[in-house]
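Heads up: the structure comes next, in structure tokens.
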Amino acid sequence: MRHEGTKPEKMTRFDGDMSPAFEIFEPAEWRAPVIFNSPHSGSTYPEEFLAASRIDLPTLRRSEDSFMDELIGHLSARGFPTVRVNFPRSYVDVNREPYELDPRMFTGRLPSFANTRSMRVAGGLGTIPRVVGDGQEIYRDRLLVDDALGRIETLYKPYHRALRRLINKVHQMFGTVVLVDCHSMPSVGVSRDEPRRPDVVIGDRYGTSCTPLLPDRVEETMSGLGYSIGRNKPYAGGFITEHYGNPASGLHAVQLELNRAIYMDERRRERSARFAQVAADFGVLANVLATTIPFADLGPFQAAAE
């Protein structure tokens, strides 16, 4: 197993041996070209971030995909590479474009290429989020533009460079890649009009980020294990799914959103009695994908000919 990461400079809690910004665990023996990624489970908060926040740490942590990295972490020993981010998404969100930034948050001028008008920026959930998931403002004061750009340079970009290297390596080894982007969602939505959320929401960008066989196989497997399933609503897949999913090139990305109520106590932020079973079910899913997906048919030439 190989362990990779990066340690950005000038990050109080990331200096020394405290924590790498992200980690990639490659298997000793590869079973299949399937990568499991957890970009939103990070829980190491820089001290200067906490000092600048107007809300307390428990409130900030509501945005975390808590324990998702643990639910998939055992898969690297089973032959599948896993990726986890250790810094929190409320500090830098790697599941956004690199420069989705809200000019109202900053002192100074943003670069001309910044995307200031996306729906995610409008909702306060850009690359440097303005709010946590339930809509509460994070910062007391405006941030320096250079601070935002520094986070992108030292955290966001190294993560995506490393993920791209891993994807390219798997692509060269197998001729195709399946990226399973793993997230968790609150059991209830912000809107009271939203129906009860299913146990798992599968996002494939409405059929554009991967072969249809992939979400179909995920649904068959998870529903067979007793999970209720939704497709693309309320989550169709974020930047990672959209950016890395390119079926015509043999790159297939699917997003999984797991209902937090099935594996944790959301209020106390503790693992529930079902946690071990849910982790084991991810092992079942990985095994099914490895043994039933015809990877040889998912390469660039075959996909382009369809």
Side-chain angles (χ1 to χ4, degrees), residues 8-14 21-22 38-66 85-161 163 181 183-186 189-191 194 203 205 234-244 255 257:
E9 298 177 357
K10 299 180 182 178
M11 292 294 163
T12 305
R13 292 289 300 277
F14 289 104
F22 59 88
S38 176
H40 282 167
S41 52
S43 59
T44 302
Y45 287 76
E47 296 290 354
E48 61 268 32
F49 177 47
L50 296 177
S53 175
R54 63 191 297 174
I55 53 181
D56 60 16
L57 180 58
T59 304
L60 284 171
R61 296 198 66 188
R62 292 176 189 168
S63 288
E64 291 176 20
D65 291 349
S66 296
V85 170
N86 292 325
F87 55 87
R89 66 177 300 190
S90 54
Y91 188 66
V92 181
D93 193 339
V94 297
N95 199 25
R96 300 290 182 260
E97 297 174 22
Y99 296 98
E100 284 189 87
L101 299 171
D102 185 344
R104 296 171 296 175
M105 290 179 60
F106 305 106
T107 298
R109 179 171 294 182
L110 291 172
S112 59
F113 49 78
N115 181 353
T116 62
R117 298 180 180 273
S118 76
M119 291 295 292
R120 292 181 287 223
V121 168
L125 296 171
T127 316
I128 309 296
R130 176 173 52 82
V131 302
V132 289
D134 57 1
Q136 294 191 60
E137 297 274 344
I138 295 174
Y139 296 100
R140 291 193 188 91
D141 303 305
R142 291 192 176 210
L143 303 177
L144 296 174
V145 165
D146 286 348
D147 182 16
L149 300 181
R151 296 183 199 182
I152 293 167
E153 289 296 325
T154 58
L155 295 171
Y156 179 102
K157 288 187 176 180
Y159 162 79
H160 279 283
R161 281 196 297 267
L163 180 59
D181 203 40
H183 299 257
S184 69
M185 59 185 173
V190 176
S191 171
E194 184 180 328
R205 303 294 300 180
Y235 303 103
F239 173 78
I240 290 172
T241 309
E242 181 179 24
H243 181 70
Y244 293 105
Q255 178 176 286
E257 288 275 359

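FYI, the numbering just counts along the sequence from 1. Hydrogens, waters and symmetry mates play no part in the numbers below; they use all other heavy atoms, side chains included. The structure presented is a predicted model; accordingly, all values stated were derived computationally and were not measured.
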For the residue pair [X] and [Y], establish whether any side-chain heavy-atom pair is separated by less than 4.5 Å.
X	Y	answer
Ile128	Arg151	yes
Pro39	His183	yes
Asp181	Asn95	yes
Tyr159	Val92	no
Asp93	Thr127	no
Ile152	Tyr99	yes

Under the rule for side chain to side chain contact (heavy atoms under 4.5 Å, CB included), what residues qualify as partners of [X], not counting sequence neighbours?
X	result
Arg61	Ser43, Tyr45, Leu57, Glu64, Arg269
Asp141	none
Arg142	Thr107
Arg109	none

Determine the minimum heavy-atom distance between [X] and [Y], stating which atoms define it.
X	Y	result
Leu101	Pro103	O-CD, 3.4 Å
Leu163	Tyr244	CD2-CE1, 3.7 Å
Leu155	Ala21	CD2-CB, 3.7 Å
Ala148	Phe106	CB-CE2, 3.5 Å
Gly237	Thr241	CA-OG1, 3.9 Å
Tyr156	Pro98	OH-N, 3.1 Å

Could you walk me through whether Ile138 and Arg54 satisfy the side chain to side chain contact (heavy atoms under 4.5 Å, CB included) test, starting with their C-alpha distance in whole Å, then the side-chain angles of each, then the deciding distance to 0.1 Å, before giving a yes or no?
CA-CA 6 Å; Ile138 295 174; Arg54 63 191 297 174; 5.9 Å; no
ring-ring contact (aromatic ring centres under 6.0 Å, His included): which pairs involve residues 116-138, sequence neighbours left out?
none
Within residues 115-137 or reaching into it, pairs that qualify as ring-ring contact (aromatic ring centres under 6.0 Å, His included) - sequence neighbours excluded
none
My understanding is that only residues two or more places apart in sequence, or in another chain, count here; which of them pass salt bridge (Lys or Arg N to Asp or Glu O under 4.0 Å) with Arg104?
Asp102
To the nearest 0.5 Å, what is the distance between [atom1] on [X] and [atom2] on [Y]?
X	Y	atom1	atom2	value
Leu60	Leu50	CG	CG	6.5 Å
Ser90	His40	OG	NE2	10.0 Å
Glu153	Asp146	CD	CG	11.0 Å

Main chain of Thr44, side chain of Asn86: is a donor-acceptor contact present, judged purely on distance under 3.5 Å?
no
So, Ser63 side chain and Gly133 main chain: donor-acceptor pair closer than 3.5 Å or not?
yes
Could you list the residues that satisfy ring-ring contact (aromatic ring centres under 6.0 Å, His included) with Phe49, not counting sequence neighbours?
Tyr91, Tyr139
Excluding sequence neighbours, so at least two apart, what forms ring-ring contact (aromatic ring centres under 6.0 Å, His included) with His243?
Phe239
Residues passing the side chain to side chain donor-acceptor pair (under 3.5 Å) test with Ser38, sequence neighbours excluded, are Ser41
Among residues at least two apart in sequence or on other chains, which ones pass side chain to side chain donor-acceptor pair (under 3.5 Å) with Arg62?
Asp134
Note: Arg130-Glu137 ion pair, threshold 4.0 Å (strictly below):
yes
Show me the donor-acceptor pairs, under 3.5 Å and distance only, between side chains in residues 114-124 and residues at least two apart or in other chains.
{"unit_1": "Asn115", "atom_1": "OD1", "unit_2": "Arg117", "atom_2": "N", "d": "3.2"}
{"unit_1": "Asn115", "atom_1": "OD1", "unit_2": "Ser118", "atom_2": "N", "d": "3.3"}
{"unit_1": "Asn115", "atom_1": "ND2", "unit_2": "Glu97", "atom_2": "OE1", "d": "3.2"}
{"unit_1": "Asn115", "atom_1": "ND2", "unit_2": "Glu97", "atom_2": "OE2", "d": "3.4"}
{"unit_1": "Ser118", "atom_1": "OG", "unit_2": "Glu100", "atom_2": "OE1", "d": "2.5"}
{"unit_1": "Ser118", "atom_1": "OG", "unit_2": "Arg120", "atom_2": "N", "d": "3.4"}
{"unit_1": "Ser118", "atom_1": "OG", "unit_2": "Val121", "atom_2": "N", "d": "3.0"}
{"unit_1": "Arg120", "atom_1": "NE", "unit_2": "Glu100", "atom_2": "OE1", "d": "3.2"}
{"unit_1": "Arg120", "atom_1": "NE", "unit_2": "Glu100", "atom_2": "OE2", "d": "3.1"}
{"unit_1": "Arg120", "atom_1": "NH2", "unit_2": "Glu100", "atom_2": "OE2", "d": "3.0"}

